Protein chains: 2
Amino acid sequence: MATSQPKKRGSYHHGNLRDALIDTAFAMIEEDGVEALTIRRIAERVGVTHAAPAHHFADKNELMLALATEGFNRFSAALASVMHIADPLARLSEMGRAYVRFALDHPGAYRLIMGPALSRIQMPVQQPTGVGVSEDRGQAASEGTREMLETTVAEAMAGRRALGGASVSGVAFLAWSAMHGAAMLSLDGMMDCEPSGDPAEEFQQKLEEVISFIEAGIALSASEVPPPST
Amino acid sequence: MATSQPKKRGSYHHGNLRDALIDTAFAMIEEDGVEALTIRRIAERVGVTHAAPAHHFADKNELMLALATEGFNRFSAALASVMHIADPLARLSEMGRAYVRFALDHPGAYRLIMGPALSRIQMPVQQPTGVGVSEDRGQAASEGTREMLETTVAEAMAGRRALGGASVSGVAFLAWSAMHGAAMLSLDGMMDCEPSGDPAEEFQQKLEEVISFIEAGIALSASEVPPPST
DNA sequence: CAGGAAATCTTACCAGCGTCAAGATTATAT
DNA sequence: ATATAATCTTGACGCTGGTAAGATTTCCTG
């Protein structure tokens, strides 16, 4: 969680600058988005001069990388909170809802972990915190979420092929793409068009249709596309 | 197309700066991405000082808006090039392929028109070029693509409901989300993981599975999710 | 065809950004 | 206790987008 408890403010040395920077930056991302994030602003808010962060992060990119790691952990936790569901199909649907909910509730964090804006080299673990727990952050979380998805899809398909002859990896890709696309389109305001009622409500309804479409396609055994009925 | 033919370089007045800026900026986007775009660099490349663009675009955002309009036109054209296909289901599939192909071939342009980075106010038309042709750029192109999609889906569904009871707007949303998500995930390098062979080839294969899944789900009439077969 | 107004471009400056170098201050280890 | 390392500050650099004032050209009006 990168908690920055012992702030020890007022003294020359901060005591726990690195974590404080990450925590503050994360809060700022949630408030004003990734674009508004600035080393100088983070430093100011933490109560330190603009050059201090350079001693903990060689680069702005390295800071962003650490932030993304933190964000991925939270995201992974949000998805994992649904893994207890027994029925794989229901679990998959719930994963989809949790996925989009996280993206919509934490737009900054989601954009950070999914978007570009950082050269995608996950850093090697730096702080082996404490007792034997190898905190394999970030990279592991990324792999973990992917695995959660793939195994759930595999369970749901139970050896059979899905609609259209789709394989496990194909269906997993579809589910991920659809959720990611839906979340991004909503975040980027591409859905704001001829909305008769509440746009958020309309979005939720369409999302449910998407989920049930995919659900049904998985539940069905493989079947070829029937010739168009004309 | 915003062609900047009469460059008239060397003289004090450029002659056609606005279009030249747009064209050059578009080329730079294709080369180095949206992030690397800078007013000063565009100006330098056009052969003009850094403050000159301010007389044609109040803001960098306004420049980006004009660029996005241009990009949307090209994108819309790429999709329209497939609208001649008679069978709506085949047309929809081909639209999906054209969609992703455009995104992968023009990452900068696609990111520009889909992403944030611009306050989404489409500008009012400014230059009523020539003879009676109301060039209703940008906004119209955006609406146009959406309409292309919705009508194609509607034709393909032919009044019936799709798999899982999905409506026309629901299926259109799914198709759009899936293609957008797939394109974005690929562009942002989220697919680079345990690829046994060529990653681009793997991506194409999965994309085909996604398309055939959706195709099949549309071709099928509405059917409820059967209870999990355990 | 003049001559003033408007458009266009240049020059010069501003604050903010990320980054680096050098010095001040504190912690740690020998 | 003293040297070494870690940490933070100060000050500077070049880059960015934006603005103001002046130079140059075009255009429109009388």
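Below, all heavy atoms of this structure are taken into account, side chains as well, without hydrogens, waters or symmetry copies. None of the values given here were measured: they were computed from a predicted structure.
- At whole-Å resolution of the value, CG in B:D19 and C1' in C:dT8 are 15 Å apart.
- Atom CG in A:L17 sits about 12 Å away from atom C1' in D:dT9, given to the nearest Å.
- As rounded to whole Å, 12 Å separates atom P of C:dT8 from atom CZ of B:F57.
- Rounded to whole angstrom, the span from the CG atom of A:D32 across to the C1' atom of C:dG16 amounts to 16 Å.
- Ring pair B:F173/A:F203 is perpendicular by interplanar angle, where above 60° counts as perpendicular and below 30° as parallel.
- The interatomic distance linking A:M64 (CE) with C:dG18 (C1') rounds to 12 Å, in whole Å.
- When the salt bridge (charged side-chain N to carboxylate O under 4.0 Å, His left out) test is applied to B:E31, the partners found at least two apart in sequence or on another chain are B:R45.
- Nearest approach of A:V171 to A:A166, heavy atoms of both residues: CG2-CB, 3.7 Å.
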Protein proximity profile, nucleotides 12-21 of chain D - base contact B, sugar-phosphate-only contact S, no contact -, cut-off 4.0 Å on heavy atoms: B---BBBB--
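- When rounded to the nearest whole Å, the span between CG of B:L21 and P of C:dC9 equals 9 Å.
- C:dT19 atom P lies 11 Å from atom CD1 of A:I42, rounded to whole Å.
- Nearest approach of A:A183 to A:A103, heavy atoms of both residues: CB-CB, 3.6 Å.
- A donor-acceptor pair shorter than 3.5 Å can be found between the side chains of B:H106 and B:E30.
- One finds no side-chain N or O of A:H56 lying less than 4.0 angstrom from the OP1 or OP2 phosphate oxygen of D:dA6.
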Candidate pair B:I113 and B:R74, rule side chain to side chain contact (heavy atoms under 4.5 Å, CB included), full reasoning: CA-CA 10 Å; B:I113 64 184; B:R74 303 195 189 185; over 6 Å; no
